[in-house]
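Only one structure is covered here, and it is reproduced in the block below.
Chain letters run A, B, ... following the sequence lines, proteins first, then strands; residues in each count from 1.
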Amino acid sequence: MTRAPEIPEESLSFRIAVLVALMTSGCAALQQGVGSPIVWAVVLIGYPLAFFVAYATRHRRPPLLRFIVTAGAVLVLMMFTASISGQALSGFASLQVPLAEVFLWLLLLHGIDSPSRRGLLIALLSSVVLIAVAGVLSLTMAIVPYLVVWAIAAVAALVLAQRSALALLPDLAARTPRARQRAAAGSLTAVLAIVLVMAVVGAALFMFAPVAGTDRALTFPAELPQAESVPVLGGLANPSLGSSDPTLPAQPGQRKSRASFGYFGFSNQLDTATRGRPDNTLVMRVRASAPDYWRAQSFDRWDGRVWTASRTRPTVIRGSQPIPIPPAPDDGPPFGSVGTDQLVQTYYVERTGPNAIFAAATPAKLFFSDRIVFQMPDGSLRAGVQLDAGSVYTVVSQRRLVTVDALRASDPVHAPDQIQRLYASPPVTTARVRDLATAITAGASTNYDKIVALENWMGAHTKYTLNIPPLPPGKDAVDQFLFVDHRGFCEQIGTSLVVMLRALGIPARLTVGYATGERNPFTGLYEVRAKDAHAWAEVYFPGVGWQGFDPTAHVPLAGDSSIDAAGTGALAYLSARISIPPWAPIVVAVLALAIAMAVLGRFVIRRRSRRRDRVEPSWAATRLARLEALGAHRGRARSPGETTPEYAQALARLDPLAQSHLLDIARILDAVMFSPVPERAEDRAVVDEALDDLAERWRGVRDAPERVLVGS
Amino acid sequence: MRSRLPAPASLSRPGIVLAAVAAALYVIARSTGAGWDIVILCAISAILVIGATWPGIALLGVGASARTPQDATVGRLLPVTIELTGRARGLRVRVSTDPASTSDWSRADAPCTGETTLVPTVRGVFSGLLVEVRSSSPLGLVAWRRRIRVQALRPLEVAPRPLAVRYEPVRGADHEANARPRASSSGHEETRGVREYVDGDPIRLVHWPATARTGAVMVRELEGPQRPRLLVVVDLRGHEPDAETAASRAAGLALAALASGTRVDLATVEPGCARNGPVQSPLEIGRRLARAVPGAPSSGPVGPGVEVRHVRAGGLA
């Protein structure tokens, strides 16, 4: 079967709209790191040239052109094969960029071979694919301008394609040049209207659309811009602290305070006497389908002021992607009383930070570009290389679906000895702290209820603030916080909870990491800033495992938390970033009023114009209708196939005495209705008089319907 | 004018592909966690929603009326004037008398008035026309249609396409004898009476004195000196294709007879009654046969010298 030859597309505006959509989506993809400078040239110069060639040769396709396109396609596919054959591929993530690059090349060839509407529509749909690729790769809001331009161009292309298809049909009514101008202006109006409606409908859909990434199974990106080893393999290095690293020897007269965006907690020790204010620096983005705390490490030893990790010897884990993470010694026996689910998190490092590999509890698999990582006894992970800006890694965590009931049901008697010894031994603190802990939890029956009681007490009697006085030398930090200052931030609050729990014999530790961060509803990423650095308590529940508790913020329980819609928090996110001047509402209100008045005015003018132009039924039509009404009343309705004279004759057979009237009416109406000459006044008078007579004559008379004898 | 509410008619190929792309985007977004793909998915979904509803909403306000000549013939172009009311752009319009007789699509922006043509393929009397207005504007993704039945002021009468039939009038002795005394001295036709003008009558037959007297256009009824008579009895009972062929044959026979100077009577059956009467013009032949329906025709009492021919759905008798 041969395919019908394609009709060349004549609409230049349609072609240009498709080109703009294609170039915009191509640039959006290139902006996300797809392709080399040559591909930029392909998109910015090659595409317009290809479209020009296609337009110029739309009526006559030189055979050489087809050969060039075919040979080009073969060449591009060979280039693609060569480019991926030398790389170590790790799933779809590593193929995304090469595939997108090949697609950009193929679209150049397709552009040359697009003389018809079909080819242009394929190019338009390809632009959807490209913008989707850009969307997959985009981590920031930088894609927004591309998206806006692409949407306008794509809508314009669809509108113009529809107009172009209609242009092949004959016009029902001859169109004047002015009408053609109006139609062109109408296309522009339609595009603007559709874009406006699309923005409204799209925003509404976004509010209810499912969140991205809950079924993640396709991409597990991992990338290291430069694999520079850390000074001590298995040790923790935190270049973000700079000279203010507390582990470095202090200079004489130097006071420990934050001099950078880095957090002191990502170190071998955490000195709670250190004061400072974290800044707003974006340190990393996390792609995850659910919020969680991104753990770095935990501390087990407390001396009344400084937390340290008592065991610094890591376990080396080697493996290819993904690197399996075994259970850590401090995790205790496998938890069995609660279910688990997988939480896939991809970390995009924005600023060079510690070599701690952040992960939601409890990491099970790691997609990382280095073959060696280190696991500490508490389960925290460290890289053997520096994690510079641009580093990407993905962690698959096995999350316990913890609920309050499961925590209450946990049996505290069966905590392993090692955990009990390391994390529940009597802490270094004052007696009144121990007494306070006992007093607060006197009425609580389970460990969970004791934790809640302590959290509630601290919530009622202490205040969260970053502005707290320095810790006096020799003072116990927890005692100072609970009985003297009553003010503190996460370190004081978390430490106090851990110390009081240990005083009660409950295994607990202080964990540091980052809080969830603010979710960007558009990228779907959590934007983690320096100020999100956090310390919180983790409590061991036999049968459940370690569970985080944070009196300063709500720690999500994995079994209870989820985000239902993609647009959750979108308005808050935007309003926090868009500063609205005080005069803006007034201007918007005035503009809205003006638009409303203009629309209303146009509506009123049109309505009046329509009333003025409304075609009234002709005199003959009204009189014929009256005759039909009279005839129907007389018992003889007009048949569908009956002409006026035939109908008049039929009525005359019913009432022969009215024959002359009926024939007069039929003759005049028939002549008037089918004659370009307007009716005369005397004709009107004759018909009206005859109809009046008939009305008078037939008043109250109703005959049986006329019967026609077969064969008569 | 009766019109149905707009209904979706078809999903265009770009619409199908765009819907498939949206589905693929959903899967990709769910599998990769790409938030921007949800944004793009919402934009594409919005385009699909607009493309699927806008044409239907636009068609809600569109009305139509149509005018045709009263007479048409199967297989010959019939001009139809269509008037569209309301406000909508990018419409496709076509008109039909029956499902088989449909005009080609024309494009229109309502309101407008214009002419299109259709070729009737079925004989009969049609009290109305079906105007179909389609729109997939502005995005061309989903096409909606609205079918508007337009009641004609006068019914459209579609005559059968006449078949080429050779006719030689029979000139028997009786006929000669009857005809001779009526011949005028000049040997030409003579006036038997006057009657009201019907479409198709030659202008030369207008009888001006009678027209002036009655006020209606009157024409002379002629009776020639040697004018034979033919009664065509049309029986359309039988299978429909055969019946239509019979109607075409009857038309061809009557026209050939009329052209040969024969006085022609047609015996047909019209809805509700049998009809037997003279036809004096091609137009009248067409109308009578347009109205003819299957049934037993009555040839009535046949006078001397009248040739009777039966045209049946089975063939010419």
Side-chain angles (χ1 to χ4, degrees), chain A residues 121 125 128-129 131-132 134-136 138 143 147 151 155 158-159 161-163 165-166 169-174 183 186 190 194 197-198 201-202 205-206 209-219 287-289 344 346 520-525 566 640-641 643 667 673 708-712, chain B residues 13-14 17-18 21 25 28-47 49-51 54 70 82 84 89-90 92-93 104-109 112-116 125 127 136-141 153-155 157 196 215-216 271-274 291 298 300:
Chain A
L121 283 173
L125 289 165
V128 182
V129 176
I131 204 80
V136 168
S138 176
I143 196 177
L147 209 52
V155 167
L158 283 173
V159 169
Q162 158 72 3
R163 294 279 159 105
L166 277 174
L169 299 177
D171 277 319
L172 180 68
I194 292 166
V197 176
M198 188 178 87
V201 176
L205 290 173
F206 185 60
V211 69
T214 46
D215 310 329
R216 291 191 63 183
L218 204 57
T219 56
R287 173 166 284 161
S289 57
V344 181
T346 300
N520 182 329
F522 303 101
T523 60
L525 302 175
T643 63
R667 176 178 51 78
M673 277 196 286
V708 180
L709 296 174
V710 175
S712 62
Chain B
R13 204 170 291 173
V17 176
L18 207 58
V21 167
L25 262 179
I28 289 170
R30 297 284 282 186
S31 323
T32 62
W36 278 116
D37 276 5
I38 291 288
V39 176
I40 295 165
L41 171 65
C42 290
I44 291 175
S45 302
I47 288 176
V49 168
I50 294 166
W54 194 305
Q70 187 182 348
I82 301 173
L84 295 178
R89 288 185 179 277
R92 291 193 298 155
V93 187
D104 289 332
W105 288 107
S106 300
R107 72 163 171 175
D109 293 337
C112 70
T113 303
E115 192 172 283
T116 184
V125 178
S127 58
S136 55
S137 293
L139 294 173
L141 300 178
L153 196 59
R154 285 180 159 196
E157 297 183 276
E196 208 166 332
C273 66
R291 295 171 196 166
S298 167

Mind running side chain to side chain contact (heavy atoms under 4.5 Å, CB included) on B:Asp37 and B:Ile40 for me, showing each step along the way?
CA-CA 5 Å; B:Asp37 276 5; B:Ile40 295 165; 3.8 Å; yes
Any side-chain heavy atom of B:Ile82 within less than 4.5 Å of one from B:Val93?
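Yes. Closest side-chain heavy atoms under 4.5 Å.
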Out of [options], which one racks up the most heavy-atom pairs below 4.5 Å with chain A?
| options | answer |
| --- | --- |
| B:Val125, B:Val21, B:Ile50 | B:Ile50 |
| B:Ile38, B:Leu84, B:Ile44 | B:Ile38 |
| B:Gly140, B:Pro14, B:Gly114 | B:Gly114 |
| B:Ala216, B:Ser136, B:Ser45, B:Ala108 | B:Ser136 |

Chain B contact via [X] - side chain, backbone, both or neither, heavy atoms under 4.5 Å:
| X | result |
| --- | --- |
| A:Ala209 | side chain |
| A:Leu121 | side chain |
| A:Val128 | side chain |
| A:Ile131 | both |

Got a sec, which residues hit salt bridge (charged side-chain N to carboxylate O under 4.0 Å, His left out) with A:Asp171, two or more places apart in sequence or on another chain?
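Testing A:Asp171 for salt bridge (charged side-chain N to carboxylate O under 4.0 Å, His left out), a comparison that skips the adjacent residues, returns A:Arg175, B:Arg107.
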Write down the atom of [X], the atom of [Y], and the distance for their closest heavy-atom approach.
| X | Y | result |
| --- | --- | --- |
| A:Ile194 | B:Pro138 | CD1-CG, 3.2 Å |
| A:Gly202 | B:Ala46 | N-CB, 3.6 Å |
| A:Pro210 | B:Arg30 | CB-NH1, 3.4 Å |
| B:Val39 | A:Phe522 | CG2-O, 4.0 Å |
| A:Val136 | A:Arg287 | O-NH1, 3.7 Å |

Under the side-chain hydrogen bond (donor to acceptor under 3.5 Å, both in side chains) rule, collect the residues that match up with A:Thr523, sequence neighbours excluded.
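By the side-chain hydrogen bond (donor to acceptor under 3.5 Å, both in side chains) rule, A:Thr523 matches no residue at all.
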Picking from [options], which has the most non-hydrogen pairs under 4.5 angstrom with chain B?
| options | answer |
| --- | --- |
| A:Thr643, A:Val155, A:Leu166 | A:Leu166 |
| A:Pro521, A:Ser138, A:Gly524 | A:Ser138 |
| A:Leu169, A:Leu172, A:Leu125, A:Leu158 | A:Leu172 |
| A:Pro170, A:Ala165, A:Ala190, A:Ala173 | A:Pro170 |

At a 4.5 Å cut-off on heavy atoms, which part of B:Ser127 comes close to chain A: side chain, backbone, both, or neither?
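Side chain of B:Ser127 only, per the 4.5 Å heavy-atom cut-off to chain A.
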Can you tell me which portion of B:Ser137 sits under 4.5 Å from chain A's heavy atoms? Options are side chain, backbone, both or neither.
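Answer is both: backbone and side chain atoms of B:Ser137 are under 4.5 Å from chain A.
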